[in-house]
Amino acid sequence: MSKTRIAFIGAGNMAASLIGGLRAKGLDAAHIRASAPGAETRARVSAEHGIEVFADNAQAIEGADVVVLAVKPQMMKAVCETIRPSLKPHQLVVSIAAGITCASMNNWLGEQPIVRCMPNTPALLRQGVSGLYATADVTAEQRQQAEELLSAVGIALWLNEEQQLDAVTAVSGSGPAYFFLLIEAMTAAGVKLGLPADIAAQLTVQTALGAAHMAVASDVDAAELRRRVTSPAGTTEAAIKSFQAGGFEALVEKALGAAAHRSAEMAEQLGR
Ligand SMILES: NC(=O)C1=CN([C@@H]2O[C@H](COP(=O)(O)OP(=O)(O)OC[C@H]3O[C@@H](n4cnc5c(N)ncnc54)[C@H](OP(=O)(O)O)[C@@H]3O)[C@@H](O)[C@H]2O)C=CC1
Ligand SMILES: O=C(O)[C@@H]1CCC=N1
């Protein structure tokens, strides 16, 4: 990784997280470039990370080993078209865009080694998790470069089938939002039960953090950890019974199904 040259197309939230992770892992700022249309974005990312920035995407990818596409899915086609004439066959393209397939990117870019990934926003704190899929053109060295890029901001997990990225998007890509929703709902319920809002929020967030740490550190699964909190005929049992009577598991399955479906639908709508 120390010699890899990386160009980011798009310098928003996710790109800035990845750049921060790479810098923290010791990648020289001179090996990283980024492009974005907004002068403010360019000034911010350059000031924060000391990297060279460009308004022109084609200029940004000059000399790069890895080109990271970190723009919104709706921008991917247009962005691919801006870099296609300058892209060299050996340059690895890494896309983090939701719902844009490798086949679409190959149509827009020409035949090119591609790694398609789905990271998530805890990458900002280097606590992210990503799913990665590589096309057949990707070499072993390029797989390693992609893995090092994503593991600079968390855990990187390889998938054998591209379609599984729809499920990764549903579970972990969008996942932080589900936990935030639960935090919002538990805080509001705590307030309804008589707690001051700041106390309800602290109790909720620290409980989420503690539970996540336990789930990571424990050698038993989440179901067993839950059983250990749930005393027979106690308070937790009353709450869990209420969740389950409301169809909690089925609702979670339905929600994640909707996210995965939307990912596949975006591939269909935006991939042309
Ligand atoms: N947010 C999330 O939770 C996750 C997002 N993703 C994926 O990551 C990608 C980026 O998302 P995110 O970082 O949140 O988005 P942001 O909106 O924060 O960043 C998008 C960036 O793209 C730049 N951009 C827009 N048009 C162009 C162009 N023509 N050429 C070059 N750059 C351009 C924008 O520039 P400017 O700032 O100047 O407008 C901005 O810097 C998306 O595809 C999303 O699906 C993946 C996993 C999780
Ligand atoms: O909501 C979205 O479409 C993006 C992809 C995963 C998280 N945010």
Side-chain angles (χ1 to χ4, degrees), residues 7-21 32-49 51 53-61 64 67-87 93-102 104-105 108-109 114-133 146 149-150 153-157 165-181 255-256 258-271:
F8 286 84
I9 307 300
N13 293 316
M14 297 307 294
S17 303
L18 287 164
I19 294 166
I32 308 174
R33 293 168 153 207
S35 65
E40 234 177 72
T41 301
R42 292 198 301 275
R44 185 173 61 245
V45 80
S46 152
E48 202 169 315
H49 302 290
I51 63 167
V53 289
F54 299 84
D56 178 8
N57 295 336
Q59 232 183 319
I61 71 168
V67 175
V68 183
L69 302 180
V71 299
K72 292 288 185 200
Q74 292 76 3
M75 294 304 302
M76 281 288 283
K77 185 178 184 189
V79 162
C80 286
E81 284 165 359
T82 65
I83 61 171
R84 181 174 185 154
S86 328
L87 205 54
V93 174
V94 174
S95 164
I96 63 165
I100 300 291
T101 64
C102 295
S104 297
M105 284 183 274
W108 301 331
L109 294 168
I114 294 176
V115 171
R116 183 180 159 199
C117 316
M118 179 44 56
N120 65 4
T121 52
L124 271 167
L125 306 176
R126 276 150 234 155
Q127 295 289 330
V129 63
S130 309
L132 286 74
Y133 171 80
L149 167 70
L150 273 304
V153 292
I155 295 171
L157 304 169
L165 281 168
D166 293 331
V168 172
T169 306
V171 173
S172 56
S174 299
Y178 317 153
F179 287 101
F180 297 138
L181 183 65
L256 270 64
H261 175 75
R262 180 62 193 139
S263 174
E265 188 178 60
M266 281 165 68
E268 189 59 38
Q269 289 171 350
L270 301 173

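Hydrogens, waters and symmetry mates are skipped; everything else that's a heavy atom, side chains included, is used. Ligands are counted one by one from 1 in listed order, and the atoms in each one are counted from 1 as well.
- Between A170 and A260 the shortest heavy-atom distance is CB-N, 3.7 Å.
- Evaluated by nearest non-hydrogen atom to atom 14 (O) of ligand 1, the leading choice among M75, K72, M266, R44 is K72.
- L124 has its side chain out of reach of V153: every pair of non-hydrogen atoms, C-beta onward, lies at least 4.5 Å apart.
- Of all heavy-atom pairs between S95 and M105, the closest is CB-SD, 3.4 Å.
- Closest heavy-atom contact between P73 and M266: CG-CE, 3.7 Å.
- Of the protein's non-hydrogen atoms, the one nearest atom 23 (C) of ligand 1 is G10 CA, 3.7 Å.
- With a 4.0 Å heavy-atom cut-off, ligand 1 is reached by no atom of M76.
- When every heavy atom of T101 is checked against every heavy atom of R116, the shortest pair comes out as CA-NH1, 3.6 Å.
- Distance alone, capped at 3.5 Å, is enough to place a donor-acceptor pair between the S172 side chain and the V168 backbone.
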task: Begin with the C-alpha distance, continue with both residues' side-chain angles, and end with the deciding distance and a verdict on side chain to side chain contact (heavy atoms under 4.5 Å, CB included) for I100 and L69.
output: CA-CA 11 Å; I100 300 291; L69 302 180; over 6 Å; no

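- Ligand-side atoms of ligand 1 in range of N57: 30 (N), 31 (C), range being under 4.0 angstrom from any heavy atom.
- Distance alone, capped at 3.5 Å, is enough to place a donor-acceptor pair between the R33 side chain and the Q59 backbone.
- Of the polar atoms of M118, none of the N or O atoms is found under 3.5 Å from an N or O of ligand 1, judged by distance alone.
- Protein residues with a heavy atom closer than 4.0 Å to ligand 2 are A98, G173, S174, listed by chain and number.
- Numbered from 1 in the order shown, with element, the atoms of ligand 1 that lie under 4.0 Å from a heavy atom of T41 read 36 (P), 37 (O), 38 (O), 41 (O).
- Scanning all heavy atoms of the two residues, the minimum distance from L165 to G131 falls at CD2-O, 3.7 Å.
- At least one side-chain heavy atom of T121 sits less than 4.5 Å from a side-chain heavy atom of M14.
- Of the protein's non-hydrogen atoms, A70 O, 3.8 Å is the one closest to atom 20 (C) of ligand 1.
- Counting protein heavy atoms only, atom 13 (O) of ligand 1 is closest to M14 N, 2.9 Å.
- For ligand 1, the polar-atom distance check against T121 finds no nitrogen or oxygen pair separated by under 3.5 Å.
- Distances from atom 42 (C) of ligand 1 to the heavy atoms of V71, N120, I96, T82 put V71 nearest.
- The ligand atoms of ligand 1 that sit less than 4.0 angstrom from a heavy atom of A98 are 43 (O), 45 (O).
- Using a 4.0 Å cut-off between heavy atoms, N13 contacts ligand 1 through both its backbone and its side chain.
- Each of the atoms 31 (C) of ligand 1 lies under 4.0 Å from some heavy atom of I9.
- In terms of protein heavy atoms, atom 40 (C) of ligand 1 is closest to G12 N, 3.8 Å.
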- request: Given salt bridge (charged side-chain N to carboxylate O under 4.0 Å, His left out), test R262 with E265 step by step and report yes or no.
  value: CA-CA 5 Å; R262 180 62 193 139; E265 188 178 60; 2.8 Å; yes

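- The distance criterion of under 3.5 Å between nitrogen or oxygen atoms is not met by V79 with respect to ligand 1.
- Between N120 and G173 the shortest heavy-atom distance is CB-O, 3.9 Å.
- For ligand 1, the polar-atom distance check against P119 finds no nitrogen or oxygen pair separated by under 3.5 Å.
- The shortest distance between side-chain heavy atoms of V94 and C117 falls below 4.5 Å.
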Using atom types as modelled, flag every donor-acceptor pair under 3.5 Å from a side chain in residues 37-48 to any protein atom, sequence neighbours excluded.
unit_1, atom_1, unit_2, atom_2, d
R42, NH1, A36, O, 2.7
R42, NH1, P37, O, 3.0

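- Near P73, meaning under 4.0 Å from one of its heavy atoms, ligand 1 places the atoms 42 (C), 43 (O), 45 (O).
- Taking 4.0 Å as the cut-off, P37 counts as a neighbour of ligand 1 on heavy-atom distance.
- Geometrically, ligand 1 and G38 share a nitrogen or oxygen pair separated by less than 3.5 Å.
- Atom CD1 of I155 is surrounded by 12 or fewer heavy atoms from other residues, nucleotides or ligands within 6.0 Å.
- Between A15 and ligand 1, no pair of N/O atoms sits closer than 3.5 Å.
- Taking CD1 of I19 as the start and CD1 of I51 as the end, the distance is 4.0 Å to the nearest 0.5 Å.
- In the vicinity of A97, heavy-atom distances shorter than 4.0 Å reach the ligand 1 atoms 43 (O), 45 (O).
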